[in-house]
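This one's a predicted model, so the numbers in the text were calculated from it and none came from an experiment. Just the heavy atoms: all of them, side chains too, but no hydrogens, waters or symmetry mates, feed the values below.
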Amino acid sequence: QVGDEEDLRDGFAGGEELRVIVAEIREGKLDLSGGSYLVAEGLRFSYPEKMRGLGSVLGRKKVEALRGVNLHLDFGEVLLLLGPNGSGKSTLCFTLAGILKPDEGAIWVGGRRAGESERLRLTSLLAGDRPYLIPNVRVATLLRHFSSVHGTRAIELAEEFGLRRLEGRYIHTLSRGELARVTYAMWLGKEADIYLGDEVGIGIDSEGIERLSEAIMGMAGEKIFVLTFPTEDYPLFEAFSLRRKRNRAKVTAEISGSRG
């Protein structure tokens, strides 16, 4: 049983320097060594054929999405994980978040083996750019309710994401970009140790990308971030590439899948 968050974090404080790590997942395989707060060893996961919409084409064969993932990360590290569609990026995020249970392997958080419920508590997951939000509610009401459950950071981020002018609007009246900003405020607003973003950053303009990358950079020194992208052309990936050139962040691993 994983203990309180404060107990888990003890002895795992991140360093002063933010580390941006670039790695690639290939056909469900990833080997990234180094850190000790978030540790995944030997993760394997297969989808039943019906979950992937394959019908009877493959008979009773399962579709293996993760084929041996080893991942070690510490506070202060941002992993930019590249991989084409079907490489296992989304499955890895959902597994780390506790939504999927691996067929093989284990995940440790803070030196203790963490089950699905513990990972759900310690992580904040955002998958894709389409938020699942209640349509007939005002932005201010949604953020207040969310903050009452997950902490007040979402209210604070409302200012950073330019949401004050939208507080009286109903969710269903927002544009795609406005919806994305509300969603990002909620994703980063949850009090968590590990933030998982699966192909986030699309659907918003350059100003929104700048605000999103600034918010992540502002938090990342004391958190762990795993951000996935199909290519290096994604705006958020490019934003981090620019920021690590002019800020204190540095790359500690290139696209090799290993820190050595």
Side-chain angles (χ1 to χ4, degrees), residues 4-6 8-9 14 18 37-38 75-79 90 93-94 96-99 109 116-228 235-236 239-240 243:
D4 294 337
E5 182 176 352
E6 291 76 15
L8 287 176
R9 292 180 62 97
L18 177 64
Y37 185 75
L38 172 61
F75 292 117
E77 294 185 330
V78 178
L79 172 60
S90 299
C93 284
F94 278 88
L96 293 176
I99 295 173
V109 179
E116 284 68 46
S117 61
E118 289 82 12
R119 300 202 304 275
L120 282 169
R121 178 175 64 85
L122 294 167
T123 63
S124 181
L125 170 68
L126 178 60
D129 68 318
R130 295 285 183 173
Y132 298 95
L133 302 177
I134 304 171
N136 296 315
V137 65
R138 296 184 191 273
V139 171
T141 303
L142 177 65
L143 292 176
R144 280 199 303 270
H145 176 71
F146 182 87
S147 296
S148 69
V149 176
H150 296 293
T152 60
R153 188 185 295 129
I155 298 294
E156 299 166 3
L157 287 169
E159 186 71 37
E160 293 186 39
F161 285 113
L163 300 180
R164 295 300 185 193
R165 62 183 178 82
L166 304 177
E167 288 184 339
R169 297 266 302 277
Y170 285 95
I171 292 295
H172 67 275
T173 69
L174 302 181
S175 68
R176 178 178 176 180
E178 291 168 339
L179 280 172
R181 293 192 186 203
V182 173
T183 305
Y184 297 146
M186 295 171 66
W187 170 49
L188 298 177
K190 179 184 175 182
E191 293 291 346
D193 285 353
I194 303 158
Y195 292 81
L196 308 165
D198 186 28
E199 299 188 13
V200 300
I202 54 178
I204 56 175
D205 57 19
S206 58
E207 180 190 354
I209 289 293
E210 183 75 9
R211 294 188 184 212
L212 178 58
S213 62
E214 284 180 358
I216 292 174
M217 281 290 197
M219 296 171 54
E222 298 179 349
K223 306 292 182 181
I224 293 173
F225 278 85
V226 177
L227 308 174
T228 76
L236 188 59
F240 269 94
R243 283 182 173 279

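- Atom CG of Leu143 sits about 12.0 Å away from atom OG1 of Thr152, to the nearest 0.5 Å.
- The salt bridge (Lys or Arg N to Asp or Glu O under 4.0 Å) pairs that include a residue from residues 177-187 are Arg165-Glu178, Arg169-Glu178, Arg181-Asp205, where partners are two or more places apart or lie in different chains.
- Applying the side-chain contact (heavy atoms from CB on, under 4.5 Å) test to Ala220 and every residue at least two apart in sequence or in another chain returns Leu18, Val78, Phe225.
- Glu199 has its side chain within reach of Thr228: a pair of non-hydrogen atoms, C-beta onward, lies under 4.5 Å apart.
- Counting only heavy atoms from C-beta outward, the side chains of Leu212 and Trp187 approach each other to under 4.5 Å.
- Residues Ser147 and Ile155 approach most closely at OG-CG1, 3.1 Å, considering heavy atoms.
- Note that OG1 of Thr173 and CG of Leu166 are 8.5 Å apart. Values are rounded to the nearest 0.5 Å.
- The shortest distance between side-chain heavy atoms of Val109 and Glu118 does not fall below 4.5 Å.
- Separation of atoms CD1 (Ile204) and CD (Glu210) is listed at 10.5 Å; rounding is to 0.5 Å.
- Residues Phe161 and Leu188 have side chains in contact (heavy-atom distance under 4.5 Å, counting atoms from C-beta outward).
- Counting only distance, with no hydrogens or angles, the side chain of Tyr184 and the backbone of Gly201 share a donor-acceptor pair below 3.5 Å.
- Relative ring orientation between Tyr37 and Phe75 is described as tilted, the plane-to-plane angle lying within the 30° to 60° band.
- For the salt bridge (Lys or Arg N to Asp or Glu O under 4.0 Å) condition, the pairs that include at least one residue of residues 140-161, sequence neighbours left out, are Arg153-Glu191, Glu159-Arg164.
- Between Glu116 and Arg119 there is a salt bridge, since at least one side-chain N of the basic residue sits less than 4.0 Å from a carboxylate O of the acidic one.
- To the nearest 0.5 angstrom, Ile209 atom CD1 is 10.0 Å from Phe240 atom CZ.
- Annotation for His145: atom NE2 does not count as buried by contact number, only 12 or fewer foreign heavy atoms lying within 6.0 Å.
- Note that CG of Leu227 and CG of Leu79 are 8.0 Å apart. Values are rounded to the nearest 0.5 Å.
- One N or O on the side chain of Tyr195 and one on the backbone of Lys190 form a donor-acceptor pair closer than 3.5 Å.
- Between Leu142 and Met186 the shortest side-chain heavy-atom distance falls below 4.5 Å.
- Here the options are Leu196, Ile194, Thr123, the test is side chain to side chain contact (heavy atoms under 4.5 Å, CB included), and the partner is Ile224; only Ile194 passes.
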Task: Stepwise side chain to side chain contact (heavy atoms under 4.5 Å, CB included) check, Phe146 with Val182 - done: CA-CA 11 Å; Phe146 182 87; Val182 173; over 6 Å; no
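- The shortest side-chain heavy-atom distance between Leu174 and Val139 falls under the 4.5 Å cut-off.
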